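Predicted, not measured: the structure shown is a model, and the values here were computed from it.
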Amino acid sequence: MGISSRGIIERDLSADFIIVKLKPYWKRTAKAILYSMLIGGSSDIVHAVFKSGIPMYWDMNSSISNSMQSLSLSRYYTADPDHSISETAPNLNIELSPAFDTIEDALTEIGKGNFVIVVDNEDRENEGDLVLAAEDMTPEKMAFMIRYTSGVICVPAEGDRLDELELPLMVERNTESLRTAYTITVDYSIGTTTGISAYDRSLTVRKLADPKSTPNQFTRPGHVFPLRYAPGGVLKRVGHTEASVDFCKLAGKQPVAAISEIVLDDGRMARRDDLRVLAKRWGMKIVKISDLVKYRVEHGV
């Protein structure tokens with residue numbers, strides 16, 4: 001078992017010891033190693049970290065673990081790669097990069113029913129998603145989303161809502177690299193045709209967010225991909241699934257979002273520099289998941 005240069009633990013293996021390949025700017029301490037594991041979303045398989053035979057950390061499901069995780073993620077994502085991660089409590093008053101907008105700006109846009117671009121860390125997916133509150137989806141917005149993204153429209157939602165709609169996970173054993181929690185796909189069955197058009201998909205997205213919708217109003221499989229949100233949001237898992245639902249909740253919307261990865265016209269995934277250009281071109285706010293982590297920690301939300 002080991003950790004890749006992206007900080008991800010290889011799974012489906014068991015071992016008494018974990019061998020870690022440290023990045024140059026990680027301090028060679030048990031806490032720094034633990035931070036890398038947590039950032040990789042692998043806290044469920046890390047039961048203890050030992051330094052010189054002494055257990056430095058254990059019981060990864062405890063409240064202490066969650067607190068350490070949220071603080072370490074906030075510090076990690078704003079760290080200067082030329083400096084080590086400190087063992088002390090992170091300074092949460094680090095200025096945001098002027099290349100990105102504030103979380104407050106993004107919440108205002110989500111509240112108005114507009115798209116925002118949400119970017120994850122460069123050593124994770126290093127991708128940007130168009131994010132919109134699902135209840136604000138229209139055929140025109142869906143057509144825009146399909147045009148400038150992969151076209152795979154995902155709808156992150158809280159587990160309780162997906163359970164109400166009887167949408168179980170797509171597979172029992174998830175082997176996808178980041179463990180994205182796909183459910184079975186759906187189409188809304190009333191007033192739609194094949195389910196693939198921008199009109200049909202926009203209606204499906206809106207109805208997934210509608211508390212009045214019932215399970216029998218959806219056909220399975222379909223053309224829209226619901227995703228199951230991890231309780232705790234970005235303080236538990238730093239993915240677009242959790243970030244998008246957190247944005248909706250903080251903006252006073254139903255906790256259901258619509259997201260898709262932005263793709264360039266030549267077929268490449270849009271990366272940070274590309275995304276800044278697109279945000280300016282489209283007049284959209286662009287924010288980092290790391291800043292949402294910081295915002296939630298600072299505001300206790």
Side-chain angles (χ1 to χ4, degrees), residues 99-101 105-120 122 124-157 170 176 178 180 182-183 185-189 191-210 218-219 221-227 239-245 247-248 251 253-254 256-289:
F100 292 91
D101 296 295
D105 287 339
L107 291 175
T108 297
E109 291 300 296
I110 293 288
K112 291 178 179 178
N114 296 328
F115 283 112
V116 297
I117 297 173
V118 178
V119 185
D120 71 349
E122 289 179 296
R124 193 175 182 270
E125 287 183 315
N126 189 23
E127 294 175 357
D129 282 26
L130 282 176
V131 172
L132 180 75
E135 64 192 79
D136 295 317
M137 182 61 77
T138 65
E140 294 76 18
K141 290 174 182 175
M142 179 60 74
F144 179 90
M145 202 172 200
I146 294 169
R147 164 67 178 83
Y148 291 105
T149 71
S150 65
V152 176
I153 309 302
C154 296
V155 180
M170 186 180 290
E176 193 266 339
L178 296 174
T180 305
Y182 290 92
T183 76
T185 56
V186 295
D187 286 333
Y188 190 66
S189 62
T192 57
T193 55
T194 62
I196 191 62
S197 69
Y199 175 86
D200 287 359
R201 281 195 272 179
S202 68
L203 186 56
T204 299
V205 167
R206 287 201 310 278
K207 290 301 182 179
L208 285 168
D210 185 350
F218 295 89
T219 57
H223 298 87
V224 171
F225 295 74
L227 304 175
H240 287 98
T241 300
E242 288 67 34
S244 62
V245 173
F247 274 120
C248 289
K253 298 287 186 176
Q254 290 293 327
V256 185
I259 66 175
S260 192
E261 302 93 340
I262 299 172
V263 177
L264 301 176
D265 286 343
D266 63 5
R268 292 181 297 114
M269 300 305 299
R271 304 303 180 189
R272 286 199 172 197
D273 290 343
D274 306 315
L275 294 166
R276 292 187 185 109
V277 172
L278 294 174
K280 184 175 182 180
R281 180 186 300 171
W282 296 334
M284 293 181 186
K285 301 300 182 182
I286 179 170
V287 292
K288 298 181 292 183
I289 294 178

**Request:** Could you please spell out the steps behind the side-chain contact (heavy atoms from CB on, under 4.5 Å) verdict for D129 and E261?
**Result:** CA-CA 4 Å; D129 282 26; E261 302 93 340; 3.5 Å; yes

**Message:** Please determine whether side-chain contact (heavy atoms from CB on, under 4.5 Å) holds for the pair L264 and L278, giving the CA-CA distance in whole Å, both sets of side-chain angles, and the decisive distance to 0.1 Å.
**Reply:** CA-CA 10 Å; L264 301 176; L278 294 174; 4.3 Å; yes

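With contacts defined as side-chain heavy-atom distances shorter than 4.5 Å, the pair F247/E109 does not qualify. Counting heavy atoms from C-beta on, the side chains of F115 and L132 come closer than 4.5 Å. At least one side-chain heavy atom of V131 sits less than 4.5 Å from a side-chain heavy atom of I110. Counting only heavy atoms from C-beta outward, the side chains of S244 and V118 never approach each other to under 4.5 Å. Looking at heavy atoms from C-beta onward, L130 lies in side-chain contact with M284 at the 4.5 angstrom threshold. Counting heavy atoms from C-beta outward, V263 and S150 have side chains that approach closer than 4.5 Å.
Judged as a salt bridge (charged side-chain N to carboxylate O under 4.0 Å, His left out), the pairs with a partner in residues 195-208 (not counting sequence neighbours) are, in order, K207-D210. Here ring-ring contact (aromatic ring centres under 6.0 Å, His included) pairs that include residues 260-288, with residues two or more places apart or in two chains, are F144-W282, Y148-W282. The stretch residues 260-281 participates, sequence neighbours left out, in no ring-ring contact (aromatic ring centres under 6.0 Å, His included) pair at all.
Closest approach of G113 and K141 over heavy atoms only: O-NZ, 2.5 Å. Here the closest non-hydrogen pair linking F218 and T204 is CE2-O, 4.2 Å. Pairing each heavy atom of C248 with each of Q254, the nearest pair is CB-O, 3.4 Å. Taking each heavy atom of A251 and G111 in turn, the nearest pair found is CB-N, 4.0 Å. Taking all atoms of both residues into account, the shortest heavy-atom contact from F225 to M170 is CD2-CE, 4.4 Å. Considering every non-hydrogen atom in both G222 and T185, the closest pair reads N-OG1, 2.9 Å.
The distance from the CZ atom of R271 to the CD1 atom of I262 is 11.5 Å, given to the nearest 0.5 Å. Rounding to the nearest 0.5 Å gives a distance of 4.5 Å between CG of D120 and NE2 of H240. With values rounded to the nearest 0.5 angstrom, I259 atom CD1 is found 9.5 Å from I153 atom CD1. Interatomic distance, I117 CD1 to E127 CD, rounded to the nearest 0.5 Å: 13.5 Å. Going from atom OG1 of T192 over to atom CG of L203 covers 6.5 Å, rounded to the nearest 0.5 Å. To the nearest 0.5 Å, atoms NE2 (H223) and CD1 (I196) are separated by 4.0 Å.
Taking K253 as the reference, D136 meet the salt bridge (Lys or Arg N to Asp or Glu O under 4.0 Å) condition, with sequence neighbours excluded. A search for side chain to side chain contact (heavy atoms under 4.5 Å, CB included) contacts involving T219 returns D187, S189, not counting sequence neighbours. With sequence neighbours excluded, the residues forming a salt bridge (Lys or Arg N to Asp or Glu O under 4.0 Å) with R268 are D266, listed by chain and number.
Here R276 does not pair with D101 in a salt bridge; the nearest charged N to carboxylate O distance is not below 4.0 Å.
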